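Computation of the quantities below employed the complete heavy-atom set of this structure, encompassing side-chain atoms and omitting hydrogens, waters and symmetry-equivalent molecules. Source: prediction; values computed, not measured.
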Amino acid sequence: MEAGDPTPLMASRMSLREPPPHARASFGVGGAVGVVINMVLFVMDIVSDCLLAYVLWQQAQTDSTNIHVSSEPITWFIITLCIILIPMVVINLFSLLWYSQNKQCLGEYSVLHKMGKCATVQRVLMHLLLLGPLVRYMDILQYGIKMRQERKHVEMGMMRGSSAIMRRTPRGEVYAVLQMVISRDSAMLDMMHSFLQDAPQLIFQVFLLYRRPELITGTLQESPYTTAVQVWKIALGVTAISWSLVTYQEELRRSVPGKMKLTFCASITCLMWRAAMVASRVLAIGSFAAIYAPEGARTALTVHLREDGSVHMPFPIVTACVLGAHWLIMVAWIHAQGTNFCSGEEEGQSQPMLEFLYNCVMGLVHVFCYMNLKDSPSRRRMAFFYAFCLIENTAMISVWCVEMEPHLSVWFRAVMVFSVEVLWMVGLCCLIGYYAFLHPDKDNLGSSRNTASWRD
């Protein structure tokens with residue numbers, strides 16, 4: 001099932017006991033607030049990206065006038081710019097592709113989805129400006145409002161005085177389908193954006209903060225705005241990743257018949273679970289990558305030959321190798337689970353190449369957080385993943401603590417180690433609290449081995 005494929009929403013074989021998901025779709029104040037929050041986060045992300053690129057460029061220009069400073073700032077600016085632009089181009093290309101797929105796949109439902117030349121040109125221009133997700137949020141609001149407007153009273157009986165209920169008109173049903181499909185695609189795009197841009201950016205900005213030890217000792221007299229923007233970007237990135245995961249989870253539950261919505265408390269707990277786990281992971285990886293090169297090394301990315309003849313491998317490269325090995329392990333582990341995201345039992349068709357590509361993408365997600373990909377109980381898989389990450393995080397922050405002893409105070413190193421471990425424990429407590437008390441299907445999770453869904 002591809003992200004832009006609306007077939008499950010309109011399957012003709014849906015039983016009468018399980019109405020199609022769009023039949024129970026609603027769009028109230030809560031839904032509108034959620035879309036507005038997504039729009040605000042998107043705009044804030046763009047503004048913070050522009051500010052980050054600007055202050056790093058200014059810092060690079062300042063350092064370039066000092067002959068005693070290396071050319072590293074220019075390199076950091078270029079890397080930051082690539083992390084910002086390349087994912088945005090990819091996301092907007094996927095958004096345009098899915099718009100095209102929706103018009104082709106919706107069939108009779110695409111009558112009201114056909115856009116005139118003016119609207120089509122506007123959407124293409126917005127995507128060329130890398131603002132495609134913002135257009136999608138506006139579409140969600142538009143179709144949600146129209147879905148609410150297309151309702152009428154329907155009499156439940158022929159006798160006089162019989163009760164009447166509010167039902168959507170056929171046109172309203174079309175708007176409900178369109179709103180659900182675009183919401184699901186937008187949630188997928190948000191999650192892709194989070195792990196293609198925000199996650200690498202978080203690690204890289206933590207790494208850059210360590211490149212200036214005077215930031216930690218409090219003796220930095222210049223470019224305080226650079227530090228402020230970097231810290232702001234890190235906080236915003238953790239929030240964006242966590243929010244995208246919770247939104248994606250809610251949209252998946254919404255697209256499955258019989259699945260109840262997450263309550264407000266459940267959503268907040270999920271947000272805290274994701275944020276704490278991601279923050280712990282980012283701090284550990286970023287700190288490990290920022291271990292200083294020995295004296296004599298030209299840059300942080302240069303392989304250095306020590307006086308004793310041994311080779312020093314830069315820790316950013318070591319970190320890339322560790323994360324690459326983690327990704328390979330996750331891809332193999334996901335493949336061993338026998339996922340069938342791209343080949344359903346009803347179609348009876350196997351698409352191994354697409355399934356392998358899907359596993360590779362999910363392996364990247366599993367570098368930072370866990371997602372349940374099988375429609376089966378996930379306790380053992382979650383226990384394995386979080387235990388694996390705990391060991392990995394502890395090993396990386398421990399190596400950092402030892403290697404950075406000559407450069408940083410014991411108190412700062414203790415605070416960082418404490419933060420990584422405590423954030424992980426906070427995330428674990430929120431995870432346990434969510435599944436024990438707030439999960440919509442909590443009454444069935446322990447009673448049957450077949451009740452847990454990968455859309456949890």
Side-chain angles (χ1 to χ4, degrees), residues 2-4 38-39 41-50 52-53 56 76-99 126-137 184-208 230 233-249 251-252 274-275 277-279 281-282 285-286 289 316 319-320 322-324 326-328 330-331 334 341 354 356-371 373:
E2 298 182 1
N38 282 327
M39 296 175 70
L41 284 175
F42 180 77
V43 172
M44 290 175 64
D45 191 61
I46 292 178
V47 172
S48 63
D49 285 340
C50 295
L52 181 61
L56 288 177
W76 307 146
F77 166 74
I78 294 174
I79 293 176
T80 299
L81 201 61
C82 291
I83 294 176
I84 292 172
L85 292 179
I86 294 176
M88 288 296 292
V89 172
V90 172
I91 295 304
N92 280 270
L93 286 176
F94 269 100
S95 180
L96 276 176
L97 175 63
W98 288 350
Y99 262 123
M126 291 292 284
H127 282 78
L128 291 177
L129 294 173
L130 305 183
L131 298 175
L134 196 60
V135 176
R136 286 183 168 272
Y137 296 140
R184 187 189 59 189
D185 289 352
S186 297
M188 175 65 81
L189 288 171
D190 287 343
M191 191 176 69
M192 290 174 59
H193 176 266
S194 294
F195 289 99
L196 288 176
Q197 185 193 85
D198 291 328
Q201 192 72 274
L202 286 175
I203 295 174
F204 188 60
Q205 295 310 315
V206 171
F207 167 81
L208 289 186
Q230 288 177 283
K233 181 61 182 177
I234 292 171
L236 184 62
V238 171
T239 303
I241 292 175
S242 308
W243 182 263
S244 69
L245 288 168
V246 175
T247 302
Y248 183 69
Q249 177 180 348
E251 288 299 328
L252 282 177
R274 297 297 192 180
M277 289 294 188
V278 169
R281 186 79 175 143
V282 166
I285 297 173
T319 304
V322 170
L323 297 183
H326 182 106
W327 174 75
L328 289 175
M330 291 297 106
V331 171
I334 293 171
F341 188 83
L354 285 178
F356 177 73
L357 180 61
Y358 168 76
N359 291 343
C360 291
V361 173
M362 288 298 105
L364 177 63
V365 174
H366 279 72
V367 170
F368 298 95
C369 63
Y370 175 83
M371 288 191 67
L373 306 177

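No donor-acceptor distance shorter than 3.5 angstrom exists from the side chain of H127 to the backbone of L93, with no hydrogens or angles considered. A donor-acceptor contact shorter than 3.5 Å is absent between the side chain of H326 and the backbone of V322. Formation of a donor-acceptor pair under 3.5 Å by the R136 side chain with backbone atoms of S95 is found in this model.
Smallest separation of non-hydrogen atoms from A240 and S194: O-OG, 3.6 Å. In terms of heavy-atom proximity, Y248 sits nearest to M191 at CD2-SD, 3.7 Å. Across G132 and N92, no two heavy atoms sit closer than the pair N-OD1, 2.7 Å. In terms of heavy atoms, W327 sits closest to G363 at CD1-C, 3.3 Å.
For the atom pair CG of L357 and CE of M362, the computed distance is 10.0 Å after rounding to the nearest 0.5 Å. Here the CD1 atom belonging to I241 is positioned 14.5 Å from the CE atom belonging to M277, to the nearest 0.5 angstrom. The line from CD of Q230 to CG of L208 is 5.5 Å long, rounded to the nearest 0.5 Å. Separation of atoms CG (L323) and CE (M330) is listed at 11.5 Å; rounding is to 0.5 Å. Distance check: D45 CG to L52 CG gives 10.5 Å after rounding to the nearest 0.5 Å. Distance check, rounded to the nearest 0.5 Å: CE of M44 to OG1 of T239 gives 8.0 Å.
Two residues are said to be in side-chain contact when any heavy atoms from C-beta on lie closer than 4.5 Å; R274 and C369 meet this criterion. Side-chain contact check for L252 versus Q249: every heavy-atom pair is 4.5 Å or farther apart. Annotation: side chain of D198 is in contact with side chain of K233 (closest heavy-atom distance under 4.5 Å). Side chains of L189 and P133 form no contact here, defined as non-hydrogen atoms less than 4.5 Å apart. Contact check for L245 versus M371: side-chain heavy atoms found under the 4.5 Å cut-off. Side-chain contact between I46 and L131: present, with at least one pair of heavy atoms (C-beta onward) separated by less than 4.5 Å.
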Begin from the C-alpha positions of V238 and S242 and carry the test side chain to side chain contact (heavy atoms under 4.5 Å, CB included) through to its verdict. CA-CA 6 Å; V238 171; S242 308; 4.3 Å; yes
Step by step, work out the side chain to side chain contact (heavy atoms under 4.5 Å, CB included) result for F204 and I79. CA-CA 9 Å; F204 188 60; I79 293 176; 3.7 Å; yes
Report the C-alpha distance between W98 and M188 in whole Å, list the side-chain angles of each, state the deciding distance to 0.1 Å, and finish with yes or no for side chain to side chain contact (heavy atoms under 4.5 Å, CB included). CA-CA 11 Å; W98 288 350; M188 175 65 81; 3.4 Å; yes
Using a 3.5 Å cut-off and no angle test, enumerate the donor-acceptor pairs between side-chain atoms of residues 80-91 and protein atoms at least two apart in sequence or in another chain.
from : atom 1 : to  : atom 2 : distance (Å)
T80  : OG1    : W76 : O      : 2.8

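Residues meeting the ring pair (Phe, Tyr, Trp, His ring centres under 6.0 Å) test with F195, sequence neighbours left out: none. In terms of the side chain to side chain contact (heavy atoms under 4.5 Å, CB included) criterion, residue partners of A289 (sequence neighbours excluded) are, by chain and number, F207, T319. In this structure, the side chain to side chain contact (heavy atoms under 4.5 Å, CB included) partners of N38, at least two apart in sequence or on a different chain, are Y137, D190, W243, T247. The side chain to side chain contact (heavy atoms under 4.5 Å, CB included) test applied to V206 returns Y210, I234, V282, not counting sequence neighbours. Applying the side chain to side chain contact (heavy atoms under 4.5 Å, CB included) criterion to V47, with sequence neighbours excluded, gives V43, L51.
More than 12 heavy-atom neighbours from other residues, nucleotides or ligands sit within 6.0 angstrom of CZ on F42.
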